[in-house]
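We number each residue from 1, following the sequence as shown. Counting starts at 1 for both ligands and their atoms, in listed order.
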Amino acid sequence: MLKAIGLMSGTSLDGVDVALIETDGERIGTFGPTSYRAYSDCERVLLRQALADAVSVIERDARPGALMDAELLVTRAHAEAIENFLKAHNLSRDAIDVVGFHGQTVLHRPDQKLTVQIGDGHALAKALGLPVVFDLRAADVAAGGQGAPLVPVYHRALVRLLNSTGPAMVVNIGGVANITYIDGETLIACDTGPGNAPLDDFMLRRTGEAVDRDGRTAARGRADQDWIARALSRPFFTTPPPKSLDRNDFAALSVEGMSTEDGAATLTAFTAASIAMIAPTLPKLPANWIVVGGGASNPTLMRMLGQRVAPASMIRGTDLGWSGDAVEAQAFAYMAVRSLKGLPLTFPGTTGVTAPLTGGVLAKP
Ligand SMILES: Nc1ncnc2c1ncn2[C@@H]1O[C@H](COP(=O)(O)OP(=O)(O)OP(=O)(O)O)[C@@H](O)[C@H]1O
Ligand SMILES: CC(=O)N[C@H]1[C@@H]2OC[C@@H](O2)[C@@H](O)[C@@H]1O[C@H](C)C(=O)O
């Protein structure tokens, strides 16, 4: 078993999740500690600017506008996150075999064979004095895959630990939402549509804080069902898996004419409805949907999703003893070890790549 630290800076732009696990790349041995390094408001402004400037990028190494500064910030924030993590948990650097570094996605256009994650893996390896596996999406996209979601291979390892029977379903609600369906050897995954990102962006514009804390605002509003039906008529939602999204693919869907409460309710209901729309494309309907990611902490979203997927029940990953916030960081630790061993990260059922494929680039300190 190797000791691996995973790092994830997701599309919510909230901060860097850190997690330690022990794994041989197949089984999860032990779950170690987790932690989080939030971005400051200033840092978030720079990251949002980087997302805006990334729209013109046509080559994955190009760093126009704010991207150069944002990349320095991402590398520095991740180095800081690990240094603090090692100190807080009294971990010696020598005990760590590898770091899995996702970076920050600023653009995702798999149809153009382009996915851009900023963050310098070589600089991080040097700064930390540890081997770093990074660029985990690039090989899949180059081979014609969607390049996302990557986490399903780890969801499968988590589900195997449950020893459950019948199909299992994991729903991750981050900035974008995605699902993994596991039934024996069958592994199906895709992005389903928006997660928290449209709601976060709307709340930021209306209140100055990029979250509807505990879904309180949405709970007071009325969802506009006509707006939702129009939004769901986009071809993406009836396209079967595999499929993936850029964080801002739904940015043009505006609820600006609505009150803050109704806008929040509408966007929350849109996320719930779009996740539920995946059900008819799956071979069987799983009895339980296990929800992970920040969206699981939003009771209004969980209630709306529960109504949409009934009679299936909703279970929080945390109810099963899974980490609340760090499943993705654990997944990148797991994938770093798989990458070292040349094991596949992506599969025809998860990204549409033609054959199981490994990925990641190793940077030595
Ligand atoms: N208490 C809460 N109430 C409402 N929403 C919450 C709460 N806690 C977290 N969230 C939502 O979860 C988001 C963070 O989710 P998460 O950490 O899974 O995102 P991420 O790692 O950026 O995602 P991904 O990479 O999967 O897109 C926040 O931006 C917020 O919208
Ligand atoms: C391109 C990109 O960074 N996509 C993210 C995003 O956030 C959630 C969803 O969209 C998922 O496809 C992916 O992240 C997770 C970690 C994944 O690849 O599994």
Side-chain angles (χ1 to χ4, degrees), residues 6-19 34 36 38-39 44 47 51 54 60 100 102-110 114-119 136-138 140-141 145-155 170-180 189-204 209-219 241-250 264 267-268 271 275 291-302 316-318 323-332 334-335 345-346 350-351 359:
L7 295 165
M8 179 62 186
S9 180
T11 49
S12 297
L13 306 172
D14 54 341
V16 181
D17 288 309
V18 188
T34 66
Y36 173 68
Y39 290 122
R44 281 179 205 174
L47 290 176
L51 255 60
R60 67 190 310 270
H102 174 264
Q104 178 67 51
T105 297
V106 290
L107 188 73
H108 187 62
R109 297 263 176 268
L114 183 64
T115 185
V116 185
Q117 285 74 45
I118 56 170
L136 292 122
R137 300 188 192 277
D140 185 81
V141 165
Q146 289 289 311
L150 296 182
V151 168
V153 68
Y154 182 67
H155 287 162
V170 183
V171 184
N172 166 51
I173 313 179
V176 170
N178 58 285
I179 58 104
T180 307
C190 65
D191 287 349
T192 54
N196 305 292
L199 178 63
D200 285 351
D201 294 353
F202 175 71
M203 293 306 289
L204 179 65
E209 204 202 345
V211 65
D212 177 14
R213 183 75 51 205
D214 302 331
R216 285 194 286 260
T217 311
K243 52 182 175 176
S244 69
L245 287 167
D246 182 88
R247 179 195 193 280
N248 287 336
D249 278 348
F250 297 104
L267 291 173
T268 306
T271 291
I275 294 170
V291 186
V292 298
S297 302
N298 179 332
T300 309
L301 176 57
M302 288 295 283
R316 282 185 186 77
T318 47
S323 165
D325 299 313
V327 170
E328 289 184 342
Q330 291 171 346
F332 283 100
Y334 182 75
M335 283 185 268
L345 306 184
T346 53
T350 63
T351 63

**Q** If the cut-off is 4.0 Å to any non-hydrogen atom of Ala148, which atoms of ligand 2 fall inside it?
**A**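 The atoms of ligand 2 under 4.0 Å from a heavy atom of Ala148 are 12 (O).
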
**Q** Could you tell me whether Val176 approaches ligand 2 through its side chain, its backbone, both or neither, with non-hydrogen atoms closer than 4.0 Å?
**A**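 Both backbone and side chain.
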
**Q** Taking Ser12's backbone N and O only, do any of them form a donor-acceptor pair with Arg247's side chain (distance below 3.5 Å, no angle check)?
**A**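 Flag not set: sc Arg247 to bb Ser12 has no pair under 3.5 Å.
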
**Q** Which of the numbered atoms in ligand 1 are below 4.0 angstrom from a heavy atom of Ile173?
**A**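 By the 4.0 Å cutoff, the relevant atoms are 18 (O).
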
**Q** So which protein heavy atom does atom 4 (C) of ligand 1 come closest to, and at what separation?
**A**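 Residue, atom and distance for the closest contact: Asp212 O, 3.2 Å.
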
**Q** Return a yes/no value for Glu328: is any of its N or O atoms, backbone included, closer than 3.5 angstrom to an N or O of ligand 1?
**A**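 Yes; at least one N/O pair falls below 3.5 Å.
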
**Q** Quick one: CG on Leu199 to OG1 on Thr271, what's the gap to the nearest 0.5 Å?
**A**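 These two atoms lie 7.0 Å from each other.
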
**Q** Report yes or no: does Thr268 contribute a side-chain atom to a donor-acceptor pair with the main-chain N or O of Ala264 at less than 3.5 Å?
**A**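 Yes; at least one donor-acceptor contact below 3.5 Å.
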
**Q** At what distance is the nearest protein heavy atom to atom 16 (P) of ligand 1, and which residue and atom is it?
**A**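 Residue, atom and distance for the closest contact: Gly294 N, 3.6 Å.
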
**Q** Measure the distance from atom 11 (C) of ligand 2 to every protein heavy atom, then report the residue, atom name and distance (to 0.1 Å) of the closest one.
**A**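 Of every protein heavy atom, Asp191 OD1, 3.5 Å lies nearest to atom 11 (C) of ligand 2.
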
**Q** Give me the nearest non-hydrogen protein atom to atom 3 (O) of ligand 2 as residue plus atom name, then the distance to 0.1 Å.
**A**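 Answer, as residue, atom name and distance: Thr105 OG1, 2.6 Å.
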
**Q** Pick one of side chain, backbone, both or neither for how Asn178 approaches ligand 1, counting any non-hydrogen atom pair under 4.0 Å.
**A**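 Within the 4.0 Å criterion, Asn178 makes no contact with ligand 1.
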
**Q** Is Asn298 in polar range of ligand 1, meaning some N or O pair under 3.5 Å apart?
**A**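 The answer is no, given that Asn298 and ligand 1 share no N or O pair closer than 3.5 Å.
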
**Q** Which atoms of ligand 1 are found less than 4.0 Å from any heavy atom of Gly175?
**A**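 With Gly175 as reference, the close atoms of ligand 1 come out as 23 (O), 24 (P), 27 (O).
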
**Q** For atom 24 (P) of ligand 1, grab the closest protein heavy atom and report residue, atom and distance to one decimal in Å.
**A**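 For this ligand atom, the closest protein heavy atom is Thr11 OG1, 3.5 Å.
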
**Q** Test your reading of the model: is there a side-chain donor-acceptor pair from Arg109 to the backbone of Leu114, 3.5 Å cut-off?
**A**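 Such a contact is absent between Arg109 side chain and Leu114 backbone.
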
**Q** Going by distance only, is there an N or O of Gln117 that falls short of 3.5 Å from an N or O of ligand 2?
**A**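 There is no such contact.
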
**Q** Do Ser9 and Tyr39 get their side chains close enough for a donor-acceptor pair, meaning under 3.5 Å?
**A**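 Yes, a side-chain donor-acceptor pair sits under 3.5 Å.
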
**Q** Run the contact test for Arg247 against ligand 2 with a 4.0 Å cut-off on heavy atoms, strictly below, and give the result.
**A**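 No, Arg247 has no heavy atom closer than 4.0 Å to ligand 2.
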
**Q** Could you tell me whether Leu150 approaches ligand 2 through its side chain, its backbone, both or neither, with non-hydrogen atoms closer than 4.0 Å?
**A**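 Both parts.
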
**Q** Taking all non-hydrogen atoms of both residues, which atom of Leu267 and which atom of Pro198 are closest, and how far apart?
**A**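 Taking Leu267 first and Pro198 second, the nearest heavy atoms are CD1-O, 3.6 Å.
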
**Q** Quick check on contacts: which atoms of ligand 1 are under 4.0 angstrom from a heavy atom of Gly293?
**A**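 Those atoms are 18 (O).
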
**Q** My understanding is that we take every heavy atom of each candidate and find the minimum distance to atom 5 (C) of ligand 2. Doing that for Met8, His108, Gln146, Arg137, which one comes out nearest?
**A**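 Checking each option, the heavy atom nearest atom 5 (C) of ligand 2 is found in Arg137.
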
**Q** Please could you name the atoms of ligand 1 that Met8 approaches to less than 4.0 Å, counting only its heavy atoms?
**A**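 By the 4.0 Å cutoff, the relevant atoms are 25 (O).
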
**Q** Evaluating non-hydrogen atoms only, which member of Thr300, Asp191, Asp214 is closest to atom 1 (N) of ligand 1?
**A**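 Considering heavy atoms of Thr300, Asp191, Asp214, the nearest to atom 1 (N) of ligand 1 sits in Asp214.
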
**Q** Verify the distance criterion only: is there a donor paired with an acceptor across the side chains of Thr217 and Asp212 at less than 3.5 Å?
**A**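 Their side chains do contain a donor-acceptor pair, which is all the 3.5 Å distance test asks for.
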
**Q** Grab the two heavy atoms, one from Leu7 and one from Phe332, that are nearest each other, plus how far apart they are.
**A**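 What the structure gives for the nearest pair is O-CB, 4.1 Å.
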
**Q** Under a 4.0 angstrom heavy-atom cut-off, which atoms of ligand 1 come close to Asn172?
**A**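 Atoms satisfying the 4.0 Å criterion: 26 (O).
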
**Q** Among Asp14, Asp200, Leu13, which one has a heavy atom closest to atom 29 (O) of ligand 1?
**A**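 The option holding the nearest heavy atom is Asp200.
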
**Q** Output the distance between atom CG (Leu136) and atom CD (Gln117), rounded to the nearest 0.5 Å.
**A**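 Those atoms lie 8.5 Å apart.
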
**Q** With rounding to the nearest 0.5 Å, note down the distance linking NE2 in His155 to CG in Asn178.
**A**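 The NE2 atom of His155 sits 6.5 Å away from the CG atom of Asn178.
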
**Q** If the cut-off is 4.0 Å to any non-hydrogen atom of Asn178, which atoms of ligand 2 fall inside it?
**A**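 It comes down to these atoms of ligand 2: 8 (C), 9 (C), 11 (C).
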
**Q** Have a look at His155, His102, Glu328 and point out the one with the heavy atom closest to atom 16 (C) of ligand 2.
**A**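 Looking at heavy atoms only, the winner is Glu328.
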
**Q** Judged by atom type as modelled, is there a donor-acceptor pair below 3.5 Å linking the side chain of Thr351 to the main-chain atoms of Gly145?
**A**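 Looks like no, no N/O pair under 3.5 Å.
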
**Q** So, regarding Val211 and ligand 1 (criterion: nitrogen or oxygen to nitrogen or oxygen, under 3.5 Å), is there a contact or not?
**A**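 Val211 vs ligand 1: no N/O contact under 3.5 Å.
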
**Q** Counting heavy atoms not belonging to Asp201, are there more than 12 under 6.0 Å from its CG?
**A**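 Counting neighbours around CG of Asp201, more than 12 heavy atoms of other residues, nucleotides or ligands fall under 6.0 Å, so yes.
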
**Q** In the protein, which heavy atom is nearest to atom 6 (C) of ligand 2, and how far is it?
**A**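 Result: Thr11 CG2, 3.6 Å.
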
**Q** Return the closest protein heavy atom for atom 2 (C) of ligand 1 as residue, atom name and distance.
**A**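 The protein heavy atom lying closest is Ser297 O, 3.5 Å.
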
**Q** Do Arg60 side-chain atoms and Thr115 backbone N/O form a donor-acceptor pair below 3.5 Å?
**A**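 Judged by distance alone, yes, a pair lies under 3.5 Å.
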
**Q** Please work out, at 4.0 Å between heavy atoms, whether the side chain, the backbone, both, or neither of Val151 comes within that distance of ligand 2.
**A**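 Looking at Val151 and ligand 2, atoms from backbone and side chain both fall under 4.0 Å.
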
**Q** Under 3.5 Å, is there a donor-acceptor pair between the side chain of His108 and the main chain of Gln146?
**A**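 It does hold such a pair.
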
**Q** I'd like to know if the side chain of Asp191 reaches the main chain of Ser244, judged simply by a donor and an acceptor atom lying under 3.5 Å from each other, with no hydrogens or angles considered.
**A**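 Not confirmed, Asp191 side chain does not pair with Ser244 backbone.
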
**Q** What is the distance from atom CG of Leu345 to atom OH of Tyr334, rounded to the nearest 0.5 Å?
**A**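 Result: 10.0 Å between the selected atoms.
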
**Q** Between ligand 1 and Asp325, can you find any atom pair, the residue atom being a heavy atom, that is separated by under 4.0 Å?
**A**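 It does not, in that no heavy atom of Asp325 comes within the 4.0 Å cut-off of ligand 1.
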
**Q** When you measure from the side chain of Asn196 to the backbone of Gly174, do you find a donor-acceptor pair of N or O atoms at a distance under 3.5 Å?
**A**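 Here the side-chain-to-backbone pair exists.
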
**Q** I need the nearest protein heavy-atom contact for atom 22 (O) of ligand 1: residue, atom name and distance, please.
**A**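 Heavy-atom neighbour on the protein nearest atom 22 (O) of ligand 1: Ser12 N, 2.8 Å.
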
